[in-house]
Number of protein chains: 2
Amino acid sequence: METAKLDDFDRAILRELQRDGRAPVAEIAERVGLSPSPVARRLRMLEASGVIAGYTAQVDEGALGRGFSVFVSVKLDRQVDEALAKFEAAVAAFPEVVDCWLMTGARDYLLRIATAGLPEFEAFLVGRLTRAPGVASIESSIPLRRVKGGAAGLSCR
Amino acid sequence: METAKLDDFDRAILRELQRDGRAPVAEIAERVGLSPSPVARRLRMLEASGVIAGYTAQVDEGALGRGFSVFVSVKLDRQVDEALAKFEAAVAAFPEVVDCWLMTGARDYLLRIATAGLPEFEAFLVGRLTRAPGVASIESSIPLRRVKGGAAGLSCR
DNA sequence: GCTGAAACTCATACGGC
DNA sequence: GCCGTATGAGTTTCAGC
């Protein structure tokens, strides 16, 4: 897969699809100023090249019993490859972990945990996350409210 | 809008749509064990009640020139309503800010900034973010790699 | 509330420019 | 590489259970 060069039409199509991932080709075509055929062809190109990784419904986290988020930074007891791989495998298997980044600096990982509420978060923290392989210490930060985000670049204009 | 109660079929439909937001109704119907008609009706209900906030294409951040992320925590000089509102309005207008949370604790906001690279991040930081209304101090943390996430709950099983 | 069929909209392929 | 048309797939509506 090669990183294809995108022209203004491609970027316009991507913007429309970020705004509405189920938008019909005909509607996208009208908004970007093209007929449906080239839009469909560009779409297949964007999907095949990996620029569009997929499509997803933005489901309200509260409706799925995951309306309460906590940011957790994790430090491992060792930072060798195998230790990272084991911890990451554990994280991948926890549905409560909705986001996870390997960091530079004092903390090794930054995670966002989504559960139904504080009691459920506590149960996950002490029952599962602290027992994940290699975990040395954990710090939790509780957000009050999401100001922006959810879909990458959704509110960009 | 009332928080509707969801049954197992609704949750199955939501799971399918998180996995593939453009999945045809007929395909969803087959996977959840229903005929297309009730799936279409439930879908409209889920959209109308806000359980499905929308649909979006998962666009590769690198392809849009935003492949480099930095986490930034921000402290304001005051925490009264008007100060928060002004800062949040500024944040909403910055396309580089892809995620923003109002936090409890020592720092007021946690942001994820996405730019093309470190020089572009520096330009955004000193030229725009530090000049946003009310900003007192900023701390940056640079991630090495995203381990999990992107679409809420995508890797949940 | 689900099923199945009919009407309609939308997506894909092809010929022409 | 785009436009316009034709064909087939997918969506939506409605009668019946």
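For the numbers below, each heavy atom of this structure counts, side chains included, while hydrogens, waters and symmetry mates do not. The sequence lines fix the lettering, A, B, ..., with proteins before strands; numbering per chain opens at 1.
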### Query
D:dT12, C:dA11, C:dC2: which one has an atom nearest the side-chain heavy atoms of A:Val25?
C:dA11
### Message
Mind checking if B:Pro24 touches a base, just sugar-phosphate, or nothing, with heavy atoms under 4.0 Å?
### Response
sugar-phosphate
### Query
Atom CG of B:Asp10 to atom P of C:dG1: distance rounded to whole Å?
10 Å
### Task
Kindly say if B:Arg42 contacts the phosphate of C:dC2, meaning a side-chain N or O under 4.0 Å from OP1 or OP2.
yes
### Query
What integer distance in Å separates A:Ile28:CD1 from C:dT12:C1'?
15 Å
### Message
Whether A:Glu88 and B:Arg145 form a salt bridge (side-chain N of Lys/Arg under 4.0 Å from carboxylate O of Asp/Glu) is what I want to check.
### Response
yes
### Message
I need the CD-P distance between B:Glu30 and C:dC2, as an integer number of Å.
### Response
18 Å
### Task
Find the distance A:Asp7:CG to D:dG1:C1' and express it as a whole number of Å.
11 Å
### Task
Using heavy atoms to find the nearest nucleotide of DNA chain D for B:Arg44 and A:Phe9 separately, return the residue whose nucleotide is more 5′.
A:Phe9
### Query
Ignoring hydrogens and geometry, is there a side-chain-to-backbone donor-acceptor pair from A:Arg31 to A:Ile13 under 3.5 Å?
no
### Summary
From CG of B:Leu43 across to P of C:dG1 the rounded distance in Å is 16 Å
### Summary
Taken to the nearest whole Å, CZ/A:Arg22 to C1'/C:dC10 is 12 Å
### Message
Between B:Arg41 and C:dC2, is there a contact of a side-chain N or O with OP1 or OP2 at under 4.0 Å?
### Response
yes
### Query
Using 4.0 Å as the upper bound for N to carboxylate O, is an ion pair formed by A:Arg44 and A:Glu47?
no
### d(OH, B:Tyr55; P, D:dT11) in whole Å
11 Å
#### Entry: Sole candidate of A:Arg146, A:Lys148, A:Arg112 that passes salt bridge (Lys or Arg N to Asp or Glu O under 4.0 Å) when paired with B:Asp99
A:Arg146
### Query
If you check every side-chain atom of B:Ala26, which of D:dT11, C:dA11, C:dA13 has the closest atom?
D:dT11
### Task
Go through B:Leu144 and A:Thr104 one step at a time and tell me if the side chain to side chain contact (heavy atoms under 4.5 Å, CB included) criterion holds.
CA-CA 6 Å; B:Leu144 293 169; A:Thr104 63; 3.5 Å; yes
### Task
Return the value, rounded to whole Å, for the distance between atom CD of B:Glu27 and atom P of C:dC10.
20 Å
### Query
For the side chain of A:Leu34, counting heavy atoms from C-beta on, which of C:dC2, D:dC2, C:dG4 is nearest?
D:dC2
